[in-house]
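Letters A, B, ... mirror the listed sequences (proteins, then strands); counts begin at 1. Owing to the predicted nature of the structure, the values given are computational and were not obtained by experimental measurement.
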Amino acid sequence: MNAHLSPEEIVRREALTKLRSHGIDPFPAAEFITTHTSQDCLNQYEEGKEVTLAGRIMNQRVMGKATFADLQDAIGKIQLYLNVDEICPGEDKSLYNDVVKHWVHYGDFIGITGKLFTTKMGEISIKVQQFQLLAKSIKPLPVVKKDADGNVFDAFTDPEARYRMRYVDLVVNPQVKHTFILRTHIINAMRDFFNNHGYLEVDTPVLQNIPGGAAARPFITHHNSLDIPMYLRIANELYLKRLIVGGFEGVYEFSRNFRNEGMDRTHNPEFTVMEIYVAFKDYNWMMNFTENMLNHVCQKALGTSDVQHGNNVLNFKPPFNRVTMTQAIIDHTGFDITGKSEKEIHDFCLSIGLEVNENMGKGKLIDTIFGEKCEKNYIQPTFITDYPVEMSPLCKRHRNNPELTERFELMINGKEIANAYSELNDPIDQLGRFEEQMRLMERGDDEAMFIDHDFIRSLEYGMPPTSGMGIGVDRLVMLLTNNETIQEVLLFPQMRPEKHHQGPDLGAFLDLGVSEDWVEHLPKAGFHSVEELQQAKPTAIHQQLNAYRKKNKLEIPAIQLEDILTWISQIN
RNA sequence: GAUCUCGUAGCUCAGCUGGUAGAGCAAUACACUUUUAAUGUAUGGGCCCUGGGUUCGAGUCCCAGCGGGAUCACCA
């Protein structure tokens with residue numbers, strides 16, 4: 001029955017039985033009311049103050065009639081001092097000698113009441129007077145230890161295990177928990193900033209008929225009643241603009257987007273983008289707004305405008321540098337794209353060794369140059385502005401140059417973090433741009449966008465001049481929490497489904513009446529499952545098992561054919 | 001999707017040119033009433049990812065698969 005359990009798991013399950021037989025429910029139902037957290041105890045220390053708190057017991061150091069342990073709650077840790085005479089003032093010392101010393105294990109939830117004191121070694125601790133098991137942990141957590149110098153031993157580091165069992169990761173790796181707390185603080189700070197400006201947080205459809213607003217492969221699903229294909233959203237942009245048409249002055253949404261594309265350290269099939277649209281503004285206003293917002297986020301979430309990321313310190317104090325796309329390319333390649341034809345740019349790309357092909361339009365070529373030669377150089381927050389019109393089908397043309405658009409991307413640490421436009425609100429121009437996208441698609445550009453006619457119709461009713469900005473929340477969090485992979489900032493990153501290499505089910509054999517002596521030998525003799533027994537001839541099983549017994553000189557009784565027949569009858 | 005690389009005890013990892021599976025921590029038992037990587041003594045614990053192959057013999061070599069990581073392509 002317990003054949004698939006590790007010895008430690010068996011010990012813990014046996015402890016359940018022992019606890020119950022002593023009248024202790026290992027999973028009690030009642031509320032446990034705490035008065036303090038571990039941090040309260042440390043921050044508001046008063047000798048002898050009575051405190052009640054709950055958490056996981058993390059590290060027991062049993063020293064005969066006294067035991068030290070760490071109690072880890074949601075906030076942190078505090079040391080417990082469990083003394084036999086304090087916990088068991090009467091004759092019965094069982095609560096200490098049995099429960100504390102033997103039936104409570106690393107990882108169990110306990111509730112305690114006791115008095116604060118300082119040990120000889122100077123550590124604030126709780127002298128426990130009442131002790132209660134709140135929930136047993138029957139699977140041992142990985143044990144991570146730290147020495148006096150802060151060196152970590154046996155850290156739980158395997159990425160696969162950590163991502164698949166994030167609950168374990170969060171328990172034993174405090175820095176992981178801290179990252180996710182920061183993530184929420186960052187999002188809260190953004191939300192506060194927008195709300196304080198009077199903008200409205202909204203919800204728009206996740207299930208969409210047309211996957212619009214970006215160029216990406218969508219996840220496709222099907223609606224049964226309507227009998228139509230539906231798509232998980234790849235972006236929410238077109239819906240937010242419809243709301244600006246509807247008369248809202250400013251709307252924003254933290255949008256979970258889904259894209260059916262590759263997965264790696266910077267891509268997860270679902271990811272979060274914050275998009276905001278504000279009426280009567282342009283991209284210059286949005287640059288100011290964005291740098292102020294990010295500085296606010298850094299101050300609120302991190303308490304500083306100087307953010308350590310890898311070997312760099314990123315300075316979020318406004319104003320950020322602003323460089324046009326044209327100037328950026330001149331700065332890093334010496335080539336001026338102004339007024340150049342598609343062929344001239346194509347030839348230039350070839351001359352500097354970039355891989356380009358005939359399907360690439362002018363915008364895509366320029367994008368390639370920037371991506372290969374310029375992007376990585378912008379470590380400090382920098383707005384790259386005025387992108388070529390071909391790259392930006394939803395963006396308004398530049399007021400001074402119709403070949404460019406009023407667009408900026410915010411580059412930080414050599415990567416794109418935000419993207420913003422003076423939004424295109426001319427419905428006729430917009431339709432033309434969509435049609436250009438269709439031509440690109442026919443030419444082989446699989447990133448080109450679909451036409452959303454209802455969106456065009458909304459523009460025909462009139463959209464005020466508007467600036468919109470989208471920011472990759474996961475990537476911003478990576479930046480601000482000093483993480484290099486998106487999996488570290490998503491609680492449950494997408495993983496390939498777990499495959500269980502199921503070992504032989506010895507318990508199932510026992511249930512058939514196989515003797516305990518024999519059960520462990522069945523898989524070794526070639527029978528890994530009940531199904532395999534069922535499919536074999538009883539006489540063949542009989543011969544095979546006894547041949548195995550003879551070959552391995554087993555000191556156990558030989559199998560009789562009747563035994564086999566009994567097993568088989570048990571199956572049916 | 002391609003290439004490289006890894007998969008050994010609950011955790012972190014050794015295991016050489018193929019020859020009977022190792023350490024620390026964790027667990028179990030005993031001792032120990034202010035320890036803190038507690039300590040001391042003893043004990044138990046392994047489908048060495050899975051399936052084939054080569055071999056007298058495979059954790060080790062070869063092939064395939066599964067899973068992870070890295071790089072690349074696509075993308076944010």
Quick one: A:Met263 CE to B:rC72 C1', roughly how many Å, whole number? 16 Å
If only atom types and distance count, is the side chain of A:Arg433 paired as donor or acceptor with the main-chain N or O of A:Cys395 below 3.5 Å? yes
Return the pairing partner of B:rU35 with a 3.5 Å limit on both distances, Watson-Crick or G-U wobble; otherwise return none. none
Touch check for A:Arg12, heavy atoms < 4.0 angstrom, all strands: base, sugar-phosphate only, or nothing? nothing
Students often get this wrong, so: under 4.0 angstrom with heavy atoms, is A:Lys65 touching a base, only sugar-phosphate, or nothing? base
With a 4.0 Å cut-off on heavy atoms, is A:Thr157 in touch with a base, just the backbone sugar-phosphate, or nothing at all? sugar-phosphate
Using the C1' atom on both, measure B:rU33 against B:rG46 and round to a whole Å. 39 Å
In whole angstroms, the gap separating P of B:rC32 from CG of A:Asp85 amounts to 14 Å
Aromatic ring pairing A:Phe219/A:Phe258, orientation class (parallel under 30°, perpendicular over 60°, tilted between): perpendicular
From CZ of A:Phe117 over to P of B:rU35, roughly how many Å is that when rounded to an integer? 10 Å
Using atom P in both nucleotides, what's the gap between B:rU50 and B:rA9 to the nearest angstrom? 11 Å
Would you confirm whether A:Asp73, through its side chain, and A:Gly76, through its main-chain N or O, come within 3.5 Å as a donor-acceptor pair? yes
Span that lies between the C1' atom of B:rA29 and that of B:rU17, in whole angstrom: 43 Å
To the side chain of A:Glu160, which of B:rG67, B:rU33, B:rU35 is closest? B:rG67
So which nucleotide from B:rA70, B:rU34, B:rG68 ends up closest to the side chain of A:Tyr81? B:rU34
Do the side-chain N and O atoms of A:Tyr239 and A:Gln208 include a donor-acceptor pair separated by under 3.5 angstrom? no
Is it true that A:His105 and A:Lys136 share a donor-acceptor pair across their side chains at a distance under 3.5 Å? yes
Looking only at atom types and distance, does a side-chain atom of A:Arg475 sit under 3.5 Å from a main-chain N or O of A:Ile486, one as donor and one as acceptor? no
Given the P atoms of B:rC63 and B:rC72, what is the spacing between them in whole Å? 26 Å
A:Asp154, nearest nucleotide to its side chain (from B:rC11, B:rG68, B:rA37): B:rC11
Which of the following nucleotides, B:rU35, B:rA27, B:rA76, is nearest to the side chain of A:His105? B:rA27
Looking at A:Glu160 and A:Arg162, is there a salt bridge between them, counting it only when a charged N and a carboxylate O are closer than 4.0 Å? no
Looking across every strand, which nucleic acid part, if any, lies under 4.0 Å from A:Gly472 by heavy atom: base, sugar-phosphate, or nothing? nothing
Does B:rU71 pair with anything, Watson-Crick or G-U wobble, both distances under 3.5 Å, and if so, with which nucleotide? B:rA2
If pairing requires Watson-Crick or G-U wobble contacts with both distances under 3.5 Å, which nucleotide is the partner of B:rC47? none
Between atom NZ in A:Lys145 and atom P in B:rC13, what is the gap in whole Å? 18 Å
Using the C1' atom as the point on both nucleotides, what is the distance between B:rG15 and B:rU3, in whole Å? 29 Å
Quick check for you: among B:rG67, B:rU33, B:rU35, whose closest atom lies nearest to any side-chain atom of A:Lys120? B:rU35
Expressed as a whole number of Å, how far does the P atom of B:rA38 sit from that of B:rG1? 46 Å
Partner of B:rU41 by Watson-Crick or G-U wobble geometry, both contacts under 3.5 Å, or none? B:rA29
A:His102 side chain: which of B:rU35, B:rA29, B:rC74 is closest? B:rA29
For a quick check of understanding: with a heavy-atom distance under 4.0 Å over all strands, which category does A:Glu123 fall into, base, sugar-phosphate or nothing? base
Would you mind classifying the nucleic acid contact of A:Tyr106 as base, sugar-phosphate or nothing, using non-hydrogen atoms under 4.0 angstrom? nothing
When we call it a touch if two heavy atoms are under 4.0 Å apart, what does A:Ala155 touch: a base, just sugar-phosphate, or nothing? sugar-phosphate
Any donor-acceptor N/O pair, A:Asn43 side chain to A:Gln39 backbone, under 3.5 Å: yes
Taking only N and O in the side chain of A:Arg475, is any of them less than 4.0 Å away from OP1 or OP2 of B:rA76? no
Residues from residues 365-380 of chain A sitting under 4.0 Å of RNA chain B, heavy atoms only? none
Under 4.0 angstrom, heavy atoms only, what part of the nucleic acid is A:Asn59 near: base, sugar-phosphate, or nothing? sugar-phosphate
Base B:rG68 to side chain A:Asp158, donor-acceptor N/O within 3.5 Å cut-off: no
What is the pairing partner of B:rG19, taking Watson-Crick or G-U wobble pairs with both distances under 3.5 Å in any strand? B:rC56
Main-chain N/O of A:Arg217 paired with A:Asn260 side-chain donor or acceptor, under 3.5 Å: no
Looking only at heavy atoms, what is the nearest atom pair of A:Gln487 and A:Arg166, with distance? O-NH2, 2.6 Å
Can you confirm whether the side chains of A:Thr485 and A:Asn483 place a donor and an acceptor under 3.5 Å from each other? no
Please report the distance separating the C1' of B:rA2 from the corresponding atom of B:rG45, rounded so that it comes out in whole Å. 42 Å
Can you tell me how far C1' of B:rU12 sits from CG of A:Asp147, to the nearest Å? 15 Å
Look through every strand shown and name the nucleotide pairing with B:rA76 as Watson-Crick or G-U wobble, where both distances are under 3.5 Å. none
Can you check whether A:Arg61 has a side-chain N or O nearer than 4.0 Å to OP1 or OP2 of B:rU34? no
Side-chain contact check for A:Glu8: nearest option of B:rA26, B:rU33, B:rA76 is B:rA26
Atom CG of A:Leu80 and atom C1' of B:rU34 are separated, to the nearest Å, by 14 Å
Starting at CG of A:Asn260 and ending at P of B:rA76, how long is that distance when rounded to a whole Å? 14 Å
A:Leu82 CG to B:rC32 P, in whole Å, measures 18 Å
When A:Phe156 and A:Pro7 are each assigned the nearest nucleotide of RNA chain B, the 5'-most assignment goes to A:Phe156
Separation of the P atoms in B:rG65 and B:rC4, to the nearest angstrom: 13 Å
With RNA chain B as reference, determine whether A:Leu141 or A:Val62 sits nearer its 5' end, using the nearest nucleotide of each. A:Leu141
